[in-house]
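The structure appears right after this line, and notes come after that.
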Amino acid sequence: MEQRELVELAIALTARGLREGSICVDLGVEVEALAESHPIDWPDAQEWLKVLQSDGVTRAGAVVIVDGFVYLQRFHHQEVSLAESLAHRAALPPLPFDADTLDEAAAWVFPTDASYNAQRNAALTTVAARTSVLTGGPGTGKTTAIAGLLALLWINAQASPSDTSAATKPTPRRLRIALAAPTAKAALRLEEAIHTQVAGIIERARQHAPNLVEVTQQVESVKASTLHRLLGSSASYRAPNFHRDRRVPYDVIIVDEASMMPLSLAAQLVAATADDTRLLIVGDPDQLVSVEAGAVLSDLVKGLATGQAGIPVTTLSKTHRFDSQIGDLAEAVKRGDAARAVDLLENPTGERITFLKTETDHPPAVLRRSLTQHAVRLHRAAADSEPARALEILNEHRLLCAHREGPAGVAAWNRQIERWLAEHTGQPLWEANYVGRPIMVTKNDHGLELYNGDTGVLFLDGDDVQAAFPADGDSPEPRIVSLSQLSAYETVHASTIHKAQGSQAQAVTVILPAEDSALLTRELIYTAMTRAQSQLNVVGTPGVFAAGVQRQVRRASGLAARLG
């Protein structure tokens with residue numbers, strides 16, 4: 001190939017890698033893949049790199065080559081910026097805190113049960129660090145640790161050498177705290193979960209430290225937002241209001257669901273975080289990664305394990321969400337132990353796991369029966385004008401697919417369930433907005449406080465069809481919204497696994513995609529099954545399941561190496 005063709009091909013491969021989530025490409029790996037798919041005389045990877053290094057696009061900085069990896073300039077800059085920002089923060093001394101006061105408070109801020117020791121230790125570790133990472137799977141108590149940390153930080157803020165009397169009622173210095181997540185739905189879930197945990201902390205304060213009740217109550221005022229809103233940017237306008245020269249005005253920043261955080265946002269966030277701000281990054285590195293380029297949380301965990309001593313990584317491992325059957329299967333999948341995972345799926349020790357094997361495109365009869373029953377119960381509750389009951393039924397079960405389209409995709413399953421529902425009730429679904437239709441909001445609406453991923457049910461309200469959504473924090477009753485107010489929503493008898501990330505349901509049914517699906521990965525299967533609280537149903541074949549467990553998401557990146 002000519003030099004110009006090699007340069008253009010390298011840039012095209014790098015751009016393709018970005019679309020697939022990689023920050024850069026390894027030309028050595030690419031040459032092997034090209035030789036296998038297109039058996040022609042490809043150049044040696046080292047020779048190819050020499051061609052690139054001598055070309056004008058590299059000399060001009062548009063393409064950057066580091067240790068055999070090829071970057072487009074913007075993404076190389078983001079990776080370097082993030083690594084340098086983290087290294088700078090790691091080199092700073094710890095922020096001041098009153099160790100004796102916090103050790104005493106931690107004894108009652110967290111329940112005395114020994115099972116909360118890990119969360120207590122995680123919070124105390126985070127207090128001492130400017131930057132820290134907290135990881136753990138679903139139900140391991142990450143939110144408990146965050147809520148306890150916030151209470152300890154408020155207590156630390158009001159502590160001073162002059163506070164010598166336990167009878168003194170302190171006036172807390174007001175902390176500026178930001179809770180954030182990559183999506184609005186994840187941010188709202190974090191805020192709600194924190195407020196739920198704080199109720200217990202306040203009650204324990206009344207029992208053990210009455211003079212600190214008012215202090216711990218301050219945590220109830222903490223609000224959450226998306227990372228884009230925190231930084232003052234948007235998906236359409238990338239330049240943030242806050243950056244290295246204009247820092248975000250908070251004392252504490254906590255980012256949840258960080259596995260979904262792309263490199264671009266992570267670089268902006270850390271650059272815009274002031275030196276005296278505590279930054280806590282929280283998530284599960286084994287879940288699905290960002291739809292944009294980067295696998296930042298995973299890279300942080302790998303790199304910081306051997307790198308920056310000033311940035312502690314704490315992992316919570318004991319799950320409280322589901323029993324050992326689902327937990328053991330999830331652990332086998334996370335380790336990539338396909339043989340063990342298939343054995344646990346085919347030979348469960350109890351009734352929490354069901355494997356519905358199918359070698360054809362026709363769903364097993366038992367699946368048709370269970371999905372139809374769920375849709376019928378939802379329809380009846382909605383037709384009886386019982387929105388609260390309808391929402392309860394909706395959250396009892398989730399049908400999860402890898403793809404939106406195709407025979408095993410969300411669109412096909414939504415249509416199929418609607419056909420089964422019509423056959424069972426004898427009432428053809430002529431109207432798109434039929435009673436009992438489960439819906440998912442697909443666009444953020446800050447005026448209605450409904451966000452992409454929120455789910456609800458259409459129900460009969462007198463002679464009108466209205467939408468019901470779960471109650472907010474101010475009222476136990478469902479929120480009722482007129483259909484004319486909803487701008488963007490879709491049917492959600494089934495949803496994608498990506499959309500379900502961060503949510504949970506009593507029972508979950510996972511439809512495995514075809515074996516050749518690019519989405520069939522260990523992370524996809526792990527994320528799907530850990531949405532289930534008490535019952536997991538998997539539809540597919542042992543071969544497809546094993547293939548998915550063995551196939552891990554690989555995103556080329558130099559971040560972990562830079563941190564290490």
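Counting from 1, the numbers follow the sequence of the chain as shown. Predicted model only: the values in this text are computed from it and were never measured.
- Between Lys185 and the choices Asn452, Thr455, Thr226, Asp454, the side chain to side chain donor-acceptor pair (under 3.5 Å) rule is met once, by Asp454.
- Arg246 places a side-chain N or O within 3.5 Å of a backbone atom of Asn241 that can act as its donor or acceptor partner.
- Contact check for Met261 versus Leu269: side-chain heavy atoms found under the 4.5 Å cut-off.
- The two atoms that bring Leu297 and Ala258 nearest to each other are CB-O, 3.9 Å, heavy atoms only.
- The nearest pair of heavy atoms linking Arg335 to Arg340 is NH2-CG, 4.1 Å.
- With Leu150 as the fixed residue, the side chain to side chain contact (heavy atoms under 4.5 Å, CB included) test singles out one of Leu280, Ile177, Leu175: Ile177.
- Within the 3.5 Å criterion, the main-chain N or O of Ser503 finds a donor-acceptor partner in the side chain of Arg531.
- At a threshold of 4.5 Å between non-hydrogen side-chain atoms, the residues Leu450 and Leu486 count as touching.
- Side chains of Leu524 and Leu288 form a contact here, defined as non-hydrogen atoms less than 4.5 Å apart.
- Side-chain contact of Ser557 with Asp299: a donor-acceptor pair under 3.5 Å is present, judged by distance alone.
- Of the possible donor and acceptor atoms, none in the side chain of Ser132 sits under 3.5 Å from a partner among the backbone N and O of Thr126.
- Salt bridge annotation for Lys334-Glu331: present, with a cationic side-chain nitrogen under 4.0 angstrom from a carboxylate oxygen.
- A salt bridge links Arg4 to Asp55: at least one charged side-chain nitrogen sits closer than 4.0 Å to a carboxylate oxygen.
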Show me, pair by pair, the donor-acceptor contacts under 3.5 angstrom made by side chains of residues 86-97, not counting sequence neighbours?
| unit_1 | atom_1 | unit_2 | atom_2 | d |
| --- | --- | --- | --- | --- |
| His88 | NE2 | Asp275 | OD1 | 3.1 |
| His88 | NE2 | Asp275 | OD2 | 3.2 |
| Arg89 | NE | Thr131 | OG1 | 2.6 |
| Arg89 | NH1 | Ala274 | O | 2.8 |
| Arg89 | NH2 | Arg130 | O | 2.7 |
| Arg89 | NH2 | Thr131 | OG1 | 3.4 |
| Arg89 | NH2 | Thr277 | O | 2.5 |

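- At least one donor-acceptor pair closer than 3.5 Å links the side chain of Asn156 to the backbone N or O of Asp98.
- Formation of a donor-acceptor pair under 3.5 Å by the Arg278 side chain with backbone atoms of Val127 is found in this model.
- Side chain of Glu79 to main chain of Gly558: a donor-acceptor pair is present (N/O by atom type, distance under 3.5 Å, no hydrogens or angles).
- For Val25, the side chain to side chain contact (heavy atoms under 4.5 Å, CB included) test picks out Thr14, Glu30, Val70, with sequence neighbours left out.
- The one candidate from Thr183, Ile253, Leu265 that meets the side chain to side chain contact (heavy atoms under 4.5 Å, CB included) condition with Leu227 is Leu265.
- A donor-acceptor contact shorter than 3.5 Å is absent between the side chain of Glu257 and the backbone of Ala181.
- Checking Ser259 against Gln501 by side-chain atom types alone, a donor-acceptor pair falls below 3.5 Å.
- For Arg244, the side chain to side chain contact (heavy atoms under 4.5 Å, CB included) test picks out Ser81, Ser85, Arg247, Ala271, with sequence neighbours left out.
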